[in-house]
Engineer: 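First, the structure itself, so that you have it in front of you.
When a ligand or atom number is given, it counts from 1 through the structure's own listing order.
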Amino acid sequence: MRLDKYLADMGIGTRSEVKQSIHKGKVRVNGALPTGPNQHVQPGADEILYQGEPVAYQEYEYFMLNKPQGCVSAVTDPQYPTVLDLIDKKNRKDLFPVGRLDRDTEGLLLITNDGKLCHNLLAPGKHVPKTYFARVSGIVAEEDIAQFARGMDIGEDRDTLPAKLQLLSDDGTYSEIMLTITEGKFHQVKRMFQAVGKEVLYLKRISMGSLKLDDSLQTGEFRQLTEEEIQLLGHTKENTKRC
Ligand code: URA
């Protein structure tokens with residue numbers, strides 16, 4: 001890999017800023033001044049210093065965000081802050097959210113630059129379970145639970161796949177529920193409740209495949225995934241079969 005790409009990938013600057021830094025002598029490769037921005041370096045083998053500080057190469061980054069309301073699940077947006085704006089300790093510039101949560105939905109969102117993992121989690125054929133907590137209008141009845149389990153018409157070509165709806169509590173006016181679905185249609189949870197005459201008033205994603213929202217994360221906070229979480233997610237399909 002070219003030295004300027006290595007440093008730019010790791011967020012040291014733009015490609016041209018990095019080139020200037022190299023020309024100004026701010027970079028060392030294995031203790032020596034590099035021959036130029038196009039010098040070949042081997043991530044993991046060569047020691048790269050920028051202004052005397054080691055710069056380790058990370059091919060992939062993985063963040064768990066507890067998404068707050070008000071920001072959009074996009075890389076850029078002309079109107080609203082994005083989930084990427086919240087990740088202020090990132091190296092890679094090619095990060096993206098894995099799937100979308102609505103602007104008013106909170107909770108678990110994975111942010112990475114690992115396209116293969118993203119595909120494993122989102123491809124329709126994978127049926128990765130996603131669990132949501134919601135507060136909805138009205139009282140969730142046994143018949144609603146049965147309807148969610150059977151599948152329902154939400155205006156798509158096919159009925160929804162069986163979903164597990166669990167009533168946690170109700171106060172006579174509103175219900176609190178947990179719902180696990182294995183698809184990711186646009187506004188799916190809201191549309192499923194609409195189909196049984198109820199409105200989602202609050203929605204939060206709790207888990208996606210093997211990945212559970214860390215409940216020590218306040219809304220708006222994020223952390224890197226642990227090695228174990230990354231390994232488990234890599235085997236999401238197998239885990240799904242056990243769910
Ligand atoms: N279903 C919805 O309706 N909204 C979300 O943000 C996620 C699932």
Engineer: Answer whether the closest heavy-atom distance between the side chains of Glu183 and Pro124 falls below 4.5 Å.
Structural biologist: no
Engineer: With heavy atoms under 4.0 Å as the rule, classify the contact between Leu203 and ligand 1 as side chain, backbone, both or neither.
Structural biologist: side chain
Engineer: Between Arg223 and Glu229, does any side-chain N to carboxylate O distance fall below 4.0 Å?
Structural biologist: yes
Engineer: Name the closest protein heavy atom to atom 4 (N) of ligand 1, giving the residue it belongs to and the distance to 0.1 Å.
Structural biologist: Asp102 OD2, 2.7 Å
Engineer: For ligand 1, which atoms have a heavy atom of Gln188 less than 4.0 angstrom away?
Structural biologist: 1 (N), 2 (C), 3 (O)
Engineer: With a cut-off of 4.0 Å, which atoms of ligand 1 are near a heavy atom of Thr105?
Structural biologist: 4 (N), 5 (C), 6 (O)
Engineer: Let's go through Arg191 and Gln188 carefully: what are the C-alpha distance in whole Å and the side-chain angles of both, what is the deciding distance for side-chain hydrogen bond (donor to acceptor under 3.5 Å, both in side chains) to 0.1 Å, and is it a yes or a no?
Structural biologist: CA-CA 5 Å; Arg191 287 161 70 201; Gln188 179 155 349; over 6 Å; no
Engineer: Using a strict cut-off of 4.0 Å, indicate which atoms of ligand 1 neighbour a heavy atom of Lys190.
Structural biologist: 3 (O)
Engineer: Identify whether the distance between the nearest side-chain nitrogen and carboxylate oxygen of Asp9 and Lys93 falls below 4.0 Å.
Structural biologist: no
Engineer: Among protein heavy atoms, which sits nearest to atom 8 (C) of ligand 1, and what does the distance come to when rounded to 0.1 Å?
Structural biologist: Tyr132 OH, 3.5 Å
Engineer: I need the contact type for Val189 against ligand 1. Using non-hydrogen atoms and a strict under-4.0 Å cut-off, is it side chain, backbone, both or neither?
Structural biologist: both
Engineer: Consider every N or O of Arg191 and every N or O of ligand 1, then say whether any pair is closer than 3.5 Å.
Structural biologist: no
Engineer: Flag the pair Arg150 and Glu143 as a salt bridge only when some basic side-chain nitrogen lies within less than 4.0 angstrom of an acidic carboxylate oxygen.
Structural biologist: yes
Engineer: Report yes if the side chains of Ile177 and Phe193 come closer than 4.5 Å at any heavy-atom pair, otherwise no.
Structural biologist: yes
